[in-house]
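Structure first, commentary second.
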2 protein chains.
Amino acid sequence: MTGSTSASGADTGVRETDAAAGDAGVREAAVATIQRELTAFARRARAAAARMHPELSLVSFTLLAHLEDSGGCRATDLATYYLLDKSTVSRQVAALERAGHVERRSDPADHRIQLLHLTAQGEQVLAQAADRRSQAFHARLSDWDPAELSRFAAYLTRYNDEAADPA
Amino acid sequence: MTGSTSASGADTGVRETDAAAGDAGVREAAVATIQRELTAFARRARAAAARMHPELSLVSFTLLAHLEDSGGCRATDLATYYLLDKSTVSRQVAALERAGHVERRSDPADHRIQLLHLTAQGEQVLAQAADRRSQAFHARLSDWDPAELSRFAAYLTRYNDEAADPA
DNA sequence: GAAAAGTAGTTGTAGAGTACATCTATCAAG
DNA sequence: CTTGATAGATGTACTCTACAACTACTTTTC
C-alpha cells in the first residue's frame with residue numbers, strides 16, 4: 001500500500017533518455033523507497049521471529065547465528081557488529097549460557113578474553129530455528145528467478161558492508 | 001566479514017551455462033544471503049536510529065512516518081502493518097499524543113474509531129528525523145548508480161509486499 | 001619496572017517496548 | 001434485545017537495552 005507510489009517511480013526500466021535531468025530525481029526516489037522498505041522490514045522482524053521460532057528470540061537467534069558463522073568470537077565482537085552495549089551482550093550471553101546454548105573458553109594468552117562457542121545443543125536449536133526462517137524466506141521468494149535473487153543478495157551485502165565501514 | 005563467503009557466491013555475474021544444475025544452488029545461496037543480511041540490518045536498526053535521532057526512537061519514527069504516508073489511520077492499522085499487539089500500539093500512541101506529536105479524531109459515523117493524525121509539531125519532529133535518516137542513507141548509497149538504486153528499491157518493495165500478502 | 005592508560009567483561013539501576021489477558025464501549029446481525 | 005464482532009485501554013509481567021560504575025587483566029609510557 002504505502003510503497004506503491006514510490007515503487008512505481010523506482011521501476012526497473014529506468015528512462016535513459018535525458019539522463020542528466022532524471023538522475024537526481026530517480027536517485028532521490030529510490031533512496032527514499034529503500035529507506036522506507038528496509039525500515040518497515042526491521043520493524044516487523046522481531047515479531048516475525050517470535051512467531052516463527054518462539055523458543056529463540058530474534059536477539060538470541062542472531063547472536064547464535066553469528067557465533068556459528070564466525071566459528072566462535074568474543075562478546076565485544078558481537079557488541080560491535082550489532083551496535084549493542086557490552087553490558088547488553090554480557091547479559092544475553094549469560095542467558096544463552098544458562099540455557100546451555102553457548103560455552104565460554106578462556107584464552108590462555110589473554111585472560112581478559114572469553115571465546116564464545118556454540119554447544120551441540122546450541123547448534124541444534126539454532127539449526128531448527130534457521131530451518132523455519134529459511135522456509136519462510138524461500139516461500140516469500142519462491143517466484144523470484146535466480147538472477148534476481150543473486151542481484152538482491154549482492155545489493156544487500158553491499159549495503160550492509162558499506163554501513164559497517166564508515167561508521 | 002561474515003558476509004564475504006556467501007556474497008561472492010551471490011555475485012551479479014551469474015554463470016548461465018548449465019543453468020539447470022546451478023539454479024538450485026544459486027537460489028539456495030542467494031536466499032541464505034538475503035536472509036542473513038536483512039536480519040543483520042534489522043538487528044542494527046534500533047540502535048542506529050537511536051544514534052541518528054535520539055529524540056525519536058525507531059518505533060516512534062516508524063509510527064509517525066506511517067501516519068504521514070497514510071494521511072491518518074487507526075491504531076489497528078498500525079498494529080496490523082507492524083505485527084504489533086494492539087495494546088502495544090495503544091501505549092505508543094498514548095505516548096506520542098502526550099508528547100504532542102499526534103492527535104486523535106473521532107469518526108462521527110463510528111464512535112469506536114479514532115483517526116490518528118500528525119500535529120504540526122509531529123510533522124516537524126518527523127521531518128527532522130527523516131532528514132537525518134535520509135542523509136545517512138544517501139551517504140551509504142552515494143556510490144551506487146541510479147539504475148542499481150532503482151533495482152534495489154524495487155526488490156525491497158517486492159519483498160515486503162509479498163511478505164504482507166500471504167502471511 | 002611502576003604508574004597510567006586501555007581493553008574485556010560484569011553488575012546495579014532504570015527505562016522503553018512488548019505481549020497476553022481482561023475490560024469497556026460501540027457497532028452489526030439475528 | 002441478545003449475541004457476537006471490533007476498536008481501543010488497562011493490569012501485569014517479562015525482555016531488551018543503555019549508562020555508569022566496578023573488577024580484572026594487558027599494554028604503554030616514562
Side-chain angles (χ1 to χ4, degrees), chain A residues 39 42-64 67 72-99 101-117, chain B residues 39 42-64 67 72-99 101-117:
Chain A
T39 305
R43 253 341 243 95
R44 294 196 195 108
R46 177 184 298 239
R51 296 176 187 205
M52 253 184 295
H53 41 77
E55 77 286 359
L56 212 58
S57 75
L58 180 64
V59 178
S60 304
F61 174 81
T62 51
L63 296 187
L64 293 186
L67 285 184
C73 70
R74 301 170 306 165
T76 297
D77 301 330
L78 297 174
T80 303
Y81 190 74
Y82 291 113
L83 299 178
L84 292 169
D85 193 80
K86 54 189 179 151
S87 68
T88 301
V89 175
S90 174
R91 284 179 231 270
Q92 290 295 334
V93 168
L96 289 173
E97 188 188 26
R98 226 176 298 125
H101 295 155
V102 309
E103 224 175 37
R104 308 164 118 104
R105 272 180 223 169
S106 299
D107 179 348
D110 187 338
H111 286 217
R112 293 171 302 181
I113 291 175
Q114 305 177 342
L115 274 215
L116 304 172
H117 285 270
Chain B
T39 305
R43 251 344 241 92
R44 294 195 196 108
R46 177 184 299 240
R51 296 177 187 204
M52 253 184 293
H53 41 77
E55 77 285 359
L56 210 59
S57 75
L58 180 65
V59 178
S60 304
F61 174 81
T62 52
L63 297 187
L64 293 186
L67 285 184
C73 69
R74 302 169 304 163
T76 298
D77 301 331
L78 296 173
T80 303
Y81 191 75
Y82 291 114
L83 299 178
L84 291 169
D85 192 80
K86 53 188 180 151
S87 67
T88 301
V89 174
S90 174
R91 282 179 232 272
Q92 290 296 334
V93 168
L96 289 173
E97 189 188 25
R98 227 177 297 125
H101 294 156
V102 309
E103 225 176 36
R104 309 162 118 105
R105 271 181 224 168
S106 299
D107 180 347
D110 187 338
H111 287 217
R112 294 171 302 181
I113 291 175
Q114 303 177 341
L115 274 216
L116 304 173
H117 285 269

Take atom [atom1] of [X] and atom [atom2] of [N], then tell me their distance rounded to the nearest Å.
| X | N | atom1 | atom2 | value |
| --- | --- | --- | --- | --- |
| Arg74(B) | dT6(D) | CZ | P | 11 Å |
| Ile113(B) | dA5(D) | CD1 | C1' | 13 Å |
| Leu58(A) | dT18(C) | CG | C1' | 14 Å |
| Arg46(B) | dG15(C) | CZ | C1' | 12 Å |
| Arg43(B) | dT15(D) | CZ | C1' | 12 Å |
| Lys86(B) | dA5(D) | NZ | P | 13 Å |
| Asp110(B) | dA29(C) | CG | P | 12 Å |

- Task: Select from Val59(A) and Ala109(A) the residue whose nearest nucleotide in DNA chain D is closer to the 5' end of that strand.
- Result: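 This one resolves to Val59(A).
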- Message: Go nucleotide by nucleotide along DNA chain C from the 5' end; which of Arg51(A) and Leu116(A) gets its closest nucleotide reached first?
- Response: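 This one resolves to Leu116(A).
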Would you indicate, yes or no, if [N] has its OP1 or OP2 atom less than 4.0 angstrom from a side-chain nitrogen or oxygen of [X]?
| X | N | answer |
| --- | --- | --- |
| Ser57(B) | dG17(C) | yes |
| Gln114(B) | dG8(D) | no |
| Arg104(B) | dA7(D) | no |
| Arg112(A) | dA24(D) | no |
| Ser90(B) | dT10(D) | no |
| Thr88(A) | dA18(D) | yes |

- Could you tell me whether the side chain of Ser90(A) and the main chain of Lys86(A) form a donor-acceptor pair under 3.5 Å?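 No, because the side chain of Ser90(A) does not come within donor-acceptor range (under 3.5 Å) of the backbone of Lys86(A).
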Quick one: [atom1] on [X] to [atom2] on [Y], what's the gap to the nearest 0.5 Å?
| X | Y | atom1 | atom2 | answer |
| --- | --- | --- | --- | --- |
| Leu78(A) | Arg43(B) | CG | CZ | 9.5 Å |
| Leu96(A) | Leu116(A) | CG | CG | 9.0 Å |
| Arg112(B) | Ser106(B) | CZ | OG | 13.0 Å |

- Can you find a donor-acceptor N/O pair under 3.5 angstrom joining the side chain of Arg91(B) to the base of dT12(D)?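 Result: at least one qualifying N/O pair found.
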